[in-house]
Amino acid sequence: MGRVVLGMAVSVAVATCAVAAVVVGRRVRSRRKWKKIVGVFRELEEACDTSVARLKQVVDAMAVEMHAGLASEGGSKLKMLLTFVDNLPNGREGGTFYALDLGGTNFRVLRVRLGGRRSSILEHDVERQPIPQHLMSSTSQDLFDFIASSLKEFIEREEDSSDHPLEKRRELGFTFSFPVKQTSMTKGVLIKWTKGFSIEDMVGKDVSDSLEEALMRKGLNMRVTALVNDTVGTLALGHYHDGDTVAAMIIGTGTNACYLERTDAIIKCQGLLTTSGGMVVNMEWGNFWSSHLPRTSYDIDLDADSPNPNDQGFEKMISGMYLGDIVRRVILKMFLESDIFGPVSSRLMTPFILRTPLMAAMHEDDSPDLTEVARILKDIIEIPDVPLKVRKLVVKVCNVVTRRAARLAAAGIVGILKKIGRDGSGGITGGRRSDMKMKRTVVAIEGGLYTSYLVFKEYLHEALTEILGEDIAKHVILKVTEDGSGIGAALLAASNSSNNVDNIQLL
Ligand SMILES: Nc1ncnc2c1ncn2[C@@H]1O[C@H](COP(=O)(O)OP(=O)(O)O)[C@@H](O)[C@H]1O
Ligand SMILES: O=P(O)(O)OC[C@H]1O[C@@H](O)[C@H](O)[C@@H](O)[C@@H]1O
């Protein structure tokens, strides 16, 4: 009997040791996997460093590249495009104008009624709709027929409500949020597509002609009296309401900026004369590049997978089309490195499946158990049951990617201010602290990333103050203009159409 009991005791002991070994082994493996995931995060954090010192290098690089882009064609990755907008709306514009606003995600049709007195936009109706994805890679005719049809329907609804006497010849402002080499205020050819567009037959074609041909096909007798980039429309509206507005930045699906430049600084266009002595320059800053930019392996891979590789390097680090995908790539690496969650889902391998608004929702999840993070990981990238401590790490990844983006955008803005001597220093040539009284400086801002992602906005403002210092930063005001790019285009159509003689001086 004793032997049996002993045998059982030994068996139990052996089994217990075996179980313990398995448990300990699992714990060791789990701890090792956790360490790997944390290692991926730490590496990301380090690679995304945006210290004030580094941001100031980016500021200087932006200002230098602006100079280079103005000095000669192709002198910089910054195209520094002429807009032929040399007089901004002065508030005396009157009448009803239409505008079309083609962005990277959304398309807007607007009707704006102007009262002819300063800052009196009597009314504006806007219809906004997402651009059908398939059109982004279809033909130019398909795209412009879609735009013309939308405008025709919008106008026909207006006729039904017929409280607006129909203009005999309707004039149109066209906001086109892509790089265009303009030959006048109303004409310009597409240089290249950016963001998610890739309609090959459109490159090199005149954008206004393409639109007017589509309008004719729809029986609409309308003329484009202003072809503008969305940053220029935003600047026009910003300046219409606040004369201290010197620049505009868009941070939506893509990103870009424009500003008021002196014609004598636009060296590549010798002899450029304007009534105001200045002209708005569309920087196309999404294409900015500098070795000081904190680029990671995720940025390199994203660029390789994008429709426009080796292009728009700055945009791909800071704008709405891309932030969510950077985070997805980091999560993917964590899973591959640790296989802690079993087989990787095919969705986690799919570019752009994690849209930035969803990434923002994870980042801003303030529930104690991060239930929104769990839901998005499960529903969007098909990874169920992610442990809470990993969900917390995912939120930290969102934070690092968003903080880098916002701080780089702030550095870009200060780069513009430095170029025009509004950053409190002596400008690019002076290089010494100027004792001049810092002028009130307004930058108009638009775009879903800034207006809908509070954390991004807060990080951007924080970085502006860190770079400029409190004393200077308090003179720099960022103002959001709702539907600015579209209304601004209508304003510019009005100012160009009425040929106002007494336009406001630019500088
Ligand atoms: N809540 C949000 N959080 C973060 N990003 C957002 C949010 N809403 C929109 N966005 C970003 O803004 C972009 C849309 O910007 P918007 O300026 O409205 O349109 P468009 O780029 O077509 O001009 C989206 O592509 C998305 O990346
Ligand atoms: O308004 P969106 O779609 O975010 O566009 C912002 C910028 O996106 C860039 O990709 C374009 O080259 C710019 O011209 C544009 O201004």
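Because the structure is a prediction, the values reported are computed rather than measured. Start at 1 and go down the list; that is how both ligands and their atoms are numbered. Values below: all heavy atoms of this structure, side chains included; hydrogens, waters and symmetry mates excluded.
- Heavy atoms of Q312 approach ligand 2 to within less than 4.0 angstrom.
- When side chains are defined from C-beta on, F197 does not count as touching M202, because their heavy atoms never get closer than 4.5 Å.
- A salt bridge does not link R128 with D101: every distance from a Lys NZ or Arg NE/NH1/NH2 to an Asp or Glu carboxylate oxygen is 4.0 Å or more.
- Here atom 11 (C) of ligand 2 lies nearest to S177 when heavy atoms of G254, A248, S177, G103 are compared.
- Those atoms of ligand 2 with a heavy atom of I250 less than 4.0 angstrom away are 1 (O), 4 (O), 6 (C).
- With salt bridges taken as basic N to acidic carboxylate O contacts below 4.0 Å, one links D325 and R329.
- Residues S177 and D230 bring a donor and an acceptor atom of their side chains to less than 3.5 Å of each other.
- Checked by atom type, the side-chain pair T225/N496 shows no donor-acceptor distance below 3.5 Å.
- Close contacts between ligand 1 and G447 involve ligand atoms 17 (O) [criterion: under 4.0 Å to a heavy atom].
- Nearest approach of G415 to A63, heavy atoms of both residues: O-CB, 3.8 Å.
- The shortest N or O to N or O distance between T105 and ligand 2 is not below 3.5 Å.
- A salt bridge is defined here as a Lys NZ or Arg NE, NH1 or NH2 lying under 4.0 Å from an Asp or Glu carboxylate O, and K333 with D301 fails to meet this definition.
- Taking every non-hydrogen atom of T194 and a distance limit under 4.0 Å, the qualifying atoms of ligand 2 come out as 9 (C), 10 (O), 11 (C), 12 (O).
- Ligand-side atoms of ligand 1 in range of T356: 4 (C), 5 (N), 27 (O), range being under 4.0 angstrom from any heavy atom.
- At a 3.5 angstrom cut-off on N or O pairs, G252 does not count as close to ligand 1.
- Taking any N or O of N282, backbone or side chain, none lies under 3.5 Å from an N or O belonging to ligand 2.
- At a cut-off of 3.5 Å, with distance as the only test, no side-chain donor of T186 or S208 sits close to an acceptor on the other residue.
- For ligand 1, the atoms sitting less than 4.0 Å from at least one non-hydrogen atom of R128 are 18 (O), numbered in the order shown with element in parentheses.
- Those atoms of ligand 2 that come under 4.0 Å of a heavy atom in N256, given as number and element, are 7 (C), 13 (C), 14 (O), 15 (C), 16 (O).
- Judged by distance alone, the side chains of D201 and T139 never bring a donor and an acceptor atom under 3.5 Å apart.
- For atom 5 (O) of ligand 2, the nearest protein heavy atom (residue, atom name, distance) is K195 NZ, 2.9 Å.
- Contacts of N229 with ligand 2, taken as heavy-atom pairs under 4.0 Å, involve the side chain alone.
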I would like to know whether E73 and K181 meet salt bridge (Lys or Arg N to Asp or Glu O under 4.0 Å); could you show each step before the answer?
-> CA-CA 11 Å; E73 281 302 335; K181 183 154 187 59; 3.7 Å; yes

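- Comparing N106, T255, T175, I131 against atom 19 (O) of ligand 1, the shortest heavy-atom distance belongs to N106.
- Defined by atom type and a distance below 3.5 Å, a donor-acceptor pair is present between the side-chain atoms of N282 and N256.
- For T234 and E446, the side-chain atoms include at least one donor-acceptor pair closer than 3.5 Å.
- The nearest heavy-atom contact from the protein to atom 12 (O) of ligand 2 is E284 OE1, 2.6 Å.
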Could you give me the CA-CA distance, side-chain angles and deciding distance for D209 and K187, then say whether salt bridge (Lys or Arg N to Asp or Glu O under 4.0 Å) is met?
-> CA-CA 8 Å; D209 291 350; K187 297 286 181 189; 2.5 Å; yes

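- Distances below 4.0 Å separate heavy atoms of G252 from the following atoms of ligand 2: 4 (O).
- Between the side chain of R404 and the backbone N or O of T50, no donor-acceptor pair lies under 3.5 Å.
- The closest protein non-hydrogen atom to atom 8 (N) of ligand 1 is S452 CB, 3.6 Å.
- The shortest N or O to N or O distance between T231 and ligand 2 is not under 3.5 Å.
- Annotation: G448 places an N or O atom under 3.5 Å from an N or O atom of ligand 1; distance criterion only.
- Protein heavy atom nearest atom 3 (N) of ligand 1, with residue, atom name and distance: A360 CB, 3.5 Å.
- For the pair E364 and ligand 1, no heavy-atom separation below 4.0 Å is found.
- At under 3.5 Å, not a single nitrogen or oxygen of Y453, backbone or side chain, sits near a nitrogen or oxygen of ligand 1.
- With hydrogens left out, the protein atom closest to atom 9 (C) of ligand 2 is E315 OE2, 3.0 Å, a heavy atom.
- The one candidate from R422, H239, E261 that meets the side chain to side chain contact (heavy atoms under 4.5 Å, CB included) condition with V246 is R422.
- Atoms of ligand 2 found under 4.0 Å from any heavy atom of F178 (numbered from 1 in listed order, with element): 14 (O).
- The closest approach between H363 and ligand 1 stays at or above 4.0 Å for every heavy atom of the residue.
- Using modelled atom types, one finds no donor on one side chain facing an acceptor on the other under 3.5 Å when comparing E315 with T194.
- Among the atoms of G104, some N or O lies under 3.5 angstrom from an N or O of ligand 1.
- For the pair E213 and K205, the salt-bridge criterion is not met [side-chain N within less than 4.0 Å of a carboxylate O].
- Salt-bridge formation is detected for the pair K418/D60: a Lys NZ or Arg NE/NH1/NH2 atom is positioned less than 4.0 Å from an Asp or Glu carboxylate oxygen.
- Here the heavy atom of the protein found nearest to atom 5 (N) of ligand 1 is L449 CD1, 3.5 Å.
- The shortest heavy-atom distance from P179 to ligand 2 is under 4.0 Å.
- Residue G320 approaches ligand 1 through these ligand atoms, each under 4.0 Å from one of its heavy atoms: 27 (O).
- For the residues V180, D230, I191, the heavy atom positioned nearest atom 16 (O) of ligand 2 is part of D230.
- Residue G104 places at least one N or O, backbone or side chain, under 3.5 Å from an N or O of ligand 2.
- Closest to atom 20 (P) of ligand 1 among all protein heavy atoms lies T253 OG1, 3.7 Å.
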